[in-house]
Amino acid sequence: MRKNFLTLVLLLIGTFAFAQNGMTKFEQLPANSQEFVNTYFKDYKVMYVFMEKEFADTEYKLRFEDGTEIEFNAKGEWKNVSGERNCIPTAYILKEITDYVAAYHKDMCITDVEKDHNRIKVELNDQLEIEFNSKGKFISYDD
């Protein structure tokens, strides 16, 4: 009986979490996410926006027709931008990072950028990954 009760509770929790996930409209993104897209990706055409809600946390994934994706957290801040091996706009990336790439990798471009609490990782079109701290100071390479 106890096993059945636990199974039912887990099923209800899973159903609730899944029911909160799905396609949404661009206008449903937080205002600062919309502003980010309209500022840095204004020439890109949105294919879809997916919202994933789990308990108190919400994340959004926006995909453009060319395959570029942006992930936003619940506050509407970008977490990850992926160009699917294509160059991405970089004006929102710390100047220290874009300057480093320009100085040491002149013929390369940034295809992915991922930001977490204290690190920013960029991937170049030759698949080289470079890690920086949250202030844009170089930490390491990872290829």
Side-chain angles (χ1 to χ4, degrees), residues 3 5-143:
K3 182 179 176 183
F5 178 74
L6 284 173
T7 302
L8 179 63
V9 168
L10 290 173
L11 183 62
L12 288 173
I13 290 171
T15 302
F16 175 75
F18 182 75
Q20 301 298 314
N21 298 333
M23 298 297 201
T24 190
K25 296 179 181 180
F26 179 78
E27 294 76 22
Q28 297 301 113
L29 286 171
N32 55 334
S33 296
Q34 292 180 44
E35 184 178 331
F36 179 85
V37 172
N38 290 331
T39 300
Y40 302 111
F41 293 85
K42 64 180 176 243
D43 295 330
Y44 288 64
K45 186 164 171 126
V46 175
M47 180 186 279
Y48 66 79
V49 177
F50 188 83
M51 179 179 71
E52 186 175 337
K53 194 171 200 173
E54 293 184 18
F55 302 105
D57 193 30
T58 303
E59 292 187 351
Y60 302 90
K61 182 183 281 189
L62 181 144
R63 185 175 179 93
F64 297 105
E65 285 185 349
D66 75 339
T68 301
E69 290 184 347
I70 306 173
E71 293 180 27
F72 297 100
N73 63 20
K75 295 178 184 176
E77 301 163 335
W78 71 272
K79 293 176 26 171
N80 185 18
V81 179
S82 175
E84 295 293 317
R85 305 216 189 275
N86 295 314
C87 300
I88 58 173
T90 59
Y92 54 92
I93 299 173
L94 291 174
K95 184 174 176 359
E96 292 81 0
I97 294 173
T98 56
D99 285 352
Y100 184 93
V101 171
Y104 295 101
H105 303 280
K106 290 179 177 52
D107 297 329
M108 298 289 113
C109 69
I110 296 174
T111 60
D112 294 85
V113 60
E114 182 178 346
K115 173 177 66 169
D116 66 24
H117 302 292
N118 58 358
R119 306 234 184 212
I120 299 171
K121 187 186 310 184
V122 298
E123 184 173 329
L124 306 182
N125 56 327
D126 66 352
Q127 298 183 18
L128 179 68
E129 293 181 1
I130 311 172
E131 195 168 337
F132 300 88
N133 70 15
S134 62
K135 298 194 186 311
K137 184 173 179 182
F138 170 79
I139 295 175
S140 67
Y141 284 103
D142 186 21
D143 57 355

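These numbers were taken from a predicted model, which means no experiment stands behind them.
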**OP:** Kindly compute the distance separating OG1 (Thr68) from CD1 (Ile70), expressed to the nearest 0.5 Å.
**Re:** 8.0 Å
**OP:** Over 60° means perpendicular and under 30° means parallel, so classify the ring planes of Phe72 and Phe36, tilted if in between.
**Re:** perpendicular
**OP:** Quick one: sort the Trp78 and Tyr92 rings into parallel, tilted or perpendicular, breaks at 30° and 60°.
**Re:** perpendicular
**OP:** Go through the structure and list residues passing side-chain contact (heavy atoms from CB on, under 4.5 Å) with Thr58, not counting sequence neighbours.
**Re:** Met51, Lys53, Tyr60, Ala74
**OP:** Take Lys121 and Glu131 through the test salt bridge (charged side-chain N to carboxylate O under 4.0 Å, His left out) and record every step on the way to the result.
**Re:** CA-CA 4 Å; Lys121 187 186 310 184; Glu131 195 168 337; 5.2 Å; no
Subject >> Glu123 CD to Ser82 OG distance, which is reported to the nearest 0.5 Å >> reply: 8.0 Å
**OP:** Kindly compute the distance separating CZ (Arg63) from CD (Glu69), expressed to the nearest 0.5 Å.
**Re:** 4.5 Å
Original post:
Which pairs pass disulfide (SG to SG under 2.5 Å) with one or both residues in residues 24-92, sequence neighbours excluded?
Top reply: Cys87-Cys109
Subject >> Backbone N/O of Arg85 and side chain of Thr111: donor-acceptor pair under 3.5 Å >> reply: no
Original post:
When rounded to the nearest 0.5 angstrom, what distance separates OG1 in Thr39 from CG in Asn32?
Top reply: 10.5 Å
Original post:
Got a second to check how far Met108's CE is from Asp126's CG, nearest 0.5 Å?
Top reply: 4.5 Å
Original post:
Relative to each other, are the rings of Phe138 and Tyr141 parallel, tilted or perpendicular (30° and 60° limits)?
Top reply: tilted
Original post:
In this structure, are over 12 heavy atoms from other groups packed under 6.0 Å from Phe26 atom CZ?
Top reply: yes
Subject >> Chi angles and distances behind the salt bridge (charged side-chain N to carboxylate O under 4.0 Å, His left out) call for Arg119, Glu114 >> reply: CA-CA 8 Å; Arg119 306 234 184 212; Glu114 182 178 346; over 6 Å; no
